[in-house]
Protein chains: 2
Amino acid sequence: MGEGASGDSRLKEALVAIAGEVDGAFDALLPVPDDARARLYEAMRYAAIGGGKRLRPLLLTAVAGMYGVQREAAIRAAIALESIHVYSLIHDDLPCMDDDALRHGKPTLHLAFDESAAVLAGDSLHDFAFEVLSDPATSADPFTRIELVRVLATSSGAEGMAGGQMMDLVAETSEFDLHTITRLQQLKTGALLGAAVEMGAILGHVPPEGRTHLRSYARDIGLAFQIADDLIDHEGDAEVAGKAVGKDADAGKATFVSLMGAERARDQARMLVEQAVGHLSGHGEEADLLRSVARYIVERDH
Amino acid sequence: MGEGASGDSRLKEALVAIAGEVDGAFDALLPVPDDARARLYEAMRYAAIGGGKRLRPLLLTAVAGMYGVQREAAIRAAIALESIHVYSLIHDDLPCMDDDALRHGKPTLHLAFDESAAVLAGDSLHDFAFEVLSDPATSADPFTRIELVRVLATSSGAEGMAGGQMMDLVAETSEFDLHTITRLQQLKTGALLGAAVEMGAILGHVPPEGRTHLRSYARDIGLAFQIADDLIDHEGDAEVAGKAVGKDADAGKATFVSLMGAERARDQARMLVEQAVGHLSGHGEEADLLRSVARYIVERDH
């Protein structure tokens, strides 16, 4: 179904396009005010603009595109989702959390600014996500807007990403088995990747019962993504990754690689990708971008 | 209009009632899960249950009551608003922010748990607010729900409370005049008090143009509230206040009291309260609780 080399080049184009659109939208939506709040907006922009693979916006807009959603609406929803992702990275990098110095190849926000600016910029991007979704420019239909809010808030909070982050902190002092690590990663990384697909489907007015295969696709690529991340952390190069590597092993944390070994982990990631692609069998060419994204997730080196 | 002693006793009853309802709702809505996320929910509950005057929920439910809104819906919206207030206190108390040890008479969350739990519990309560609002149990009408989200997100983020907090950080190293301090406080404290009134009016289906007098009331009591806080910080007793006092002076920060003197500040607060009550002149007895709240704001000692 149009895979292989042409799929690769289309994915590359899509990655370049979404990066430009996301940067452009953040730039337009976050002008720096001419008052004492300027530093807050500068910190938000430092973290939000010009970094990251924009994988969540890519997924959201790819699904929205399958259902003929207007590009501008999809980009706005993608900005909301990416704001949540960026805020979580800012807080995750704080000294009291992962204490990271490097993010997307540049100093983390609390080093470039300071810790209090990092806390507040994260909090502000957190609100910004819901401001963007609640604006009629995202969708004229209030039900669509509130559904986007519901999915994003649930995926981001204690039932989703933040719950996974807490499990990750507990993992430093507990012996987690493969089952618990899987659950942890389904929350920590999987929840927002699932939200990407779900939000695209909401914009496309796909009824909840019609989203099952998309949800299964998201679950499989979410897990594959995390296994790939563990492999990068295990074998990778900090310069290529744009962040510190080898941290999990140093912290004595169980990962897919430490529990399964690198070889089995790699096989498992590939199997999950094939399974993810299988969930799209009801779709034709319009799902080719989602198929390419699934393959990209395990083949990337950062 | 039914003021004086009977207004006082009705306010006392309302304060006791709202405290019980808010604690009860947080307790019911935040059960502790039986997995590695338990610690996160325990931290959220530690901060959310059993402390604070619940002034914002009182205001929101008082306005909603004027327009015949069902109590359960008003309490849910009040829980969302209070979650934002509580999350902001948790992050504000962090060592990298105000570094406070005492909140509502007990150790701050980062001391009772640890800093990473405090960051994540704050973030999770932040999402919880929008989860609660997006749930149909808050209102069957999606437009009402998304309007609540819009007002809360805007009041809480960089355009509102978080913007004011950043100005407050900048104030430590800048010489702010009365105009800038007023603007700072209108954002830092006033935005959420304004949201309380606005959210009550949204639930009551009051059209935006009909909310002007309520907005003016909120602006005046917001400023009066902050002047009263500065007076408590200036003259107060840490045991009564339930938090550290005298911190602004120690930090060399300009406050209403440092800029106007205690006597003029007290007069100004009283004048603002009378002005706030004046904005309610179009209402009869149904606004008595709002009148009592305005007076309470400058007479409290914590």
Side-chain angles (χ1 to χ4, degrees), chain A residues 30 33 35-37 39-41 43-44 87-88 91 94-97 110 114-131 133-135 141-143 145-147 149-150 152-154 156-160 162-167 169-171 174 176 180 183-184 187, chain B residues 30 33 35-37 39-41 43-44 87-88 91 94-97 110 114-131 133-135 141-143 145-147 149-150 152-154 156-160 162-167 169-171 174 176 180 183-184 187:
Chain A
L30 290 171
D35 63 28
R37 294 171 307 149
R39 187 173 156 78
L40 177 58
Y41 283 81
M44 292 165 79
Y87 117 69
S88 79
H91 284 186
L94 285 170
C96 70
M97 303 282 288
H110 63 272
D114 57 37
E115 277 186 59
S116 52
V119 170
L120 283 177
D123 290 340
S124 299
L125 283 165
H126 200 163
D127 283 303
F128 178 68
F130 297 106
E131 283 182 60
L133 291 184
S134 62
D135 191 305
D141 172 29
F143 184 72
R145 300 207 297 280
I146 197 68
E147 276 295 284
V149 168
R150 189 186 58 74
L152 188 56
T154 311
S156 156
E159 292 171 62
Q165 286 175 299
M166 178 54 87
M167 288 181 74
L169 290 171
V170 173
S174 303
F176 278 1
T180 312
R183 167 96 177 118
L184 183 168
L187 293 173
Chain B
L30 290 172
D35 63 27
R37 294 170 307 149
R39 187 173 156 80
L40 177 58
Y41 283 82
M44 292 164 79
Y87 117 68
S88 79
H91 284 186
L94 285 170
C96 70
M97 304 282 288
H110 63 272
D114 57 38
E115 277 186 60
S116 53
V119 170
L120 282 178
D123 290 341
S124 298
L125 282 165
H126 200 163
D127 283 302
F128 178 68
F130 297 107
E131 284 182 61
L133 292 183
S134 62
D135 191 307
D141 172 29
F143 184 72
R145 300 206 298 279
I146 199 67
E147 276 294 285
V149 168
R150 188 186 57 75
L152 188 56
T154 310
S156 155
E159 293 171 62
Q165 287 174 298
M166 177 54 87
M167 287 180 74
L169 290 171
V170 173
S174 303
F176 278 2
T180 312
R183 168 95 178 119
L184 183 168
L187 294 173

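With a threshold of 4.5 angstrom between heavy atoms, A/L169 approaches chain B through side-chain atoms but not through N, CA, C or O. No part of A/D114 comes within reach of chain B, as not one of its non-hydrogen atoms sits under 4.5 angstrom from that chain. When heavy atoms are compared at a cutoff of 4.5 Å, A/L187 approaches chain B solely by way of its side chain, counted from C-beta outward. Both the backbone and the side chain of A/A117 come within contact range of chain B, each with at least one heavy atom under 4.5 Å from a heavy atom of that chain.
In this structure, A/H91 and B/H91 have perpendicular ring planes: the angle between them is above 60°, well past the 30° mark.
To the nearest 0.5 Å, the span separating CZ on B/F130 from CG on A/L152 amounts to 10.0 Å. One finds the CG atom of B/D35 at 9.0 Å from the OG1 atom of A/T180 (value rounded to the nearest 0.5 Å).
For the options A/S124, A/G163, A/A162, A/S156, heavy-atom pairs under 4.5 Å to chain B are most numerous at A/S156. Ranked by heavy-atom pairs shorter than 4.5 Å toward chain B, the options A/M166, A/R183, A/E115, A/R39 are led by A/M166. Here A/G157 is the residue among A/S174, A/G157, A/G160 with the most heavy-atom pairs under 4.5 Å with chain B.
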Margin query: Go through it in stages, so that I can follow the logic: the residues are A/M97 and B/L120, the test is side-chain contact (heavy atoms from CB on, under 4.5 Å), and I'd like the CA-CA distance, side-chain angles, deciding distance and then a yes or no.
Written below: CA-CA 9 Å; A/M97 303 282 288; B/L120 282 178; 3.8 Å; yes
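Remark: B/D141 engages B/S139, B/F143, B/T144, B/H205 in a side-chain contact (heavy atoms from CB on, under 4.5 Å) (not counting sequence neighbours). Partners of A/R150 under the side-chain contact (heavy atoms from CB on, under 4.5 Å) rule, at least two apart in sequence or in another chain, are A/E147, A/T154, B/S134.
Within the 4.5 Å cutoff, side-chain heavy atoms of A/E159 are placed close to those of B/Y41. You'll find the side chain of A/H126 reaches within 4.5 Å of the side chain of B/D127, heavy atoms only.
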